[in-house]
Amino acid sequence: MISQTLQQMLNEQLTRELTASQQYLGMAAYAGSQNLEGWQAFFERQSEEEREHALKIFRFLVEVGAPVKLAALPEVKSEYASLLEATQTALAYEQKVTRDFQAMAQAALEEKDHTTYQFLQWYLEEQIEEESQFDRLVALLESGLNPFLAESLLSKGEEK
């Protein structure tokens, strides 16, 4: 059984992952409204990936006998001033998620909970990819690259 502190942190992260899934759907809706079908599909894939991340946490909590708390999800934004703003929002969110997982890993180490610490390593590695991907996309959009031209770059790294 994991500590109450880690149970709470993981349940809060479960909610954040589900919220992120919704946020990416909001970004997909924005991209679709701008006729950016490739970007829409990209954000839809990101949404599904976040849901998978949530399910992984959900299953871990169940497997270790910890209570699962499914909190209400907040309404998310689906309108942005630009694709750049949506992508910058995604990057900032992924950077926060990295800090959250680092804090959980640190708590697991301090509690000598090596099982939870090992579980969290997958997420820490995943966050390297997530941040790098959005950092590249922000840089491309900031460079003035036409979003329609950038769509060809969105499928890179899909095979995981």
(message) Does either side chain, that of Glu44 or that of Gln40, offer a donor lying less than 3.5 Å from an acceptor on the other one?
(response) yes
(message) Under 3.5 Å, is there a donor on one side chain and an acceptor on the other for Gln8 and Gln4?
(response) no
(message) Would you compute the distance between atom CG of Leu83 and atom CE of Met27 and round it to the nearest 0.5 angstrom?
(response) 10.0 Å
(message) Once you measure the plane-to-plane angle for Phe43 and Trp39, does it fall in the parallel (<30°), tilted (30-60°) or perpendicular (>60°) bin?
(response) tilted
(message) Starting from Leu6, can I reach Val62 by hopping between I/L/V/M/F/W/Y residues whose side chains sit under 4.5 Å apart?
(response) yes
(request) With the side chain counted from C-beta on, respond yes when Val64 and Thr116 share a heavy-atom pair under 4.5 Å apart, and no when they do not. (result) no
(request) Give, for atom CG of Asp100 and atom CE of Met9, the distance between the pair rounded to the nearest 0.5 Å. (result) 7.5 Å
(message) Tell me whether Glu37 at atom CD has more than 12 heavy atoms from other residues, nucleotides or ligands lying less than 6.0 Å away.
(response) no
(message) Quick check: is Leu36 connected to Leu25 through a chain of hydrophobic side chains (ILVMFWY, heavy atoms under 4.5 Å apart)?
(response) no
(request) Check step by step if side-chain contact (heavy atoms from CB on, under 4.5 Å) holds for Glu48 and Glu52. (result) CA-CA 6 Å; Glu48 185 59 33; Glu52 289 171 14; 3.7 Å; yes
(message) Hydrophobic clustering (ILVMFWY, side-chain heavy atoms < 4.5 Å, transitive) - are Tyr24 and Tyr123 grouped together?
(response) no
(message) Any heavy-atom pair between the side chains of Ile57 and Glu17 that's under 4.5 Å?
(response) yes
(message) Within the supplied structure, the quantity of interest is the number of heavy atoms (other residues, nucleotides, ligands) at a distance under 6.0 Å from Lys69 NZ; does it exceed 12?
(response) no
(request) Please report the shortest heavy-atom distance between Leu120 and Ala105, naming the atom on each side. (result) CD1-N, 3.5 Å
(message) Working to the nearest 0.5 angstrom, can you tell me the gap between Glu94 CD and Glu126 CD?
(response) 8.5 Å
(request) Taking Thr89 for its side chain and Glu85 for its backbone only, find out whether a donor-acceptor pair lies under 3.5 Å. (result) yes
(request) Working to the nearest 0.5 Å, report the span between OG1 of Thr87 and CG of Asp135. (result) 11.5 Å
(message) Run the side-chain contact (heavy atoms from CB on, under 4.5 Å) test against Ala20 and tell me which residues pass, sequence neighbours left out.
(response) Gln23, Glu50, Tyr93
(message) Do Met104 and Leu18 sit in one hydrophobic cluster, given that two such residues count as connected whenever their side-chain heavy atoms are within less than 4.5 Å of each other, even indirectly?
(response) yes
(message) Please enumerate all residues that pass side-chain contact (heavy atoms from CB on, under 4.5 Å) together with Thr115, with sequence neighbours excluded.
(response) Phe60, Asp113
(message) Quick check: closest heavy atoms across Thr15 and Ala72, and the distance to 0.1 Å?
(response) CG2-O, 4.4 Å
(message) Does any part of the side chain of Gln121, heavy atoms only, come nearer than 4.5 Å to the side chain of Leu124, both counted from C-beta?
(response) yes
(request) Taking the side chain as every heavy atom from C-beta outward, state whether Glu130 and Val97 have any pair of such atoms under 4.5 Å apart. (result) no
(request) To the nearest 0.5 Å, tell me how far Thr98 OG1 sits from Glu131 CD. (result) 3.5 Å
(message) Under the rule for side-chain contact (heavy atoms from CB on, under 4.5 Å), what residues qualify as partners of Gln88, not counting sequence neighbours?
(response) Leu84, Val138, Glu142
(message) For residues Val68 and Leu73: do they belong to one hydrophobic cluster (side chain heavy atoms under 4.5 Å, members Ile, Leu, Val, Met, Phe, Trp, Tyr)?
(response) yes
(message) Parallel, tilted or perpendicular: which one describes the rings of Trp122 and His53, with boundaries at 30° and 60°?
(response) perpendicular
(request) Can you spot which of Arg51, Arg16, Gln46 makes a side chain to side chain contact (heavy atoms under 4.5 Å, CB included) with Ser21? (result) Arg51
(request) Just jot down the ring-ring contact (aromatic ring centres under 6.0 Å, His included) partners of Phe58, sequence neighbours excluded, or say none. (result) none
(message) Under 4.5 Å side-chain heavy-atom separation, chaining through any Ile, Leu, Val, Met, Phe, Trp or Tyr, what else clusters with Val76? Say none if it is isolated.
(response) none
(request) With sequence neighbours left out, write down each residue that passes side-chain contact (heavy atoms from CB on, under 4.5 Å) with Ser132, or none if nothing qualifies. (result) Arg136
(message) Checking the side chain of Asn11 only, and the main-chain atoms of Pro67 only, is there a donor and an acceptor separated by less than 3.5 Å?
(response) yes
(message) So that I know where these two stand, are Phe42 and Phe134 an aromatic pair - ring centroids less than 6.0 Å apart?
(response) yes
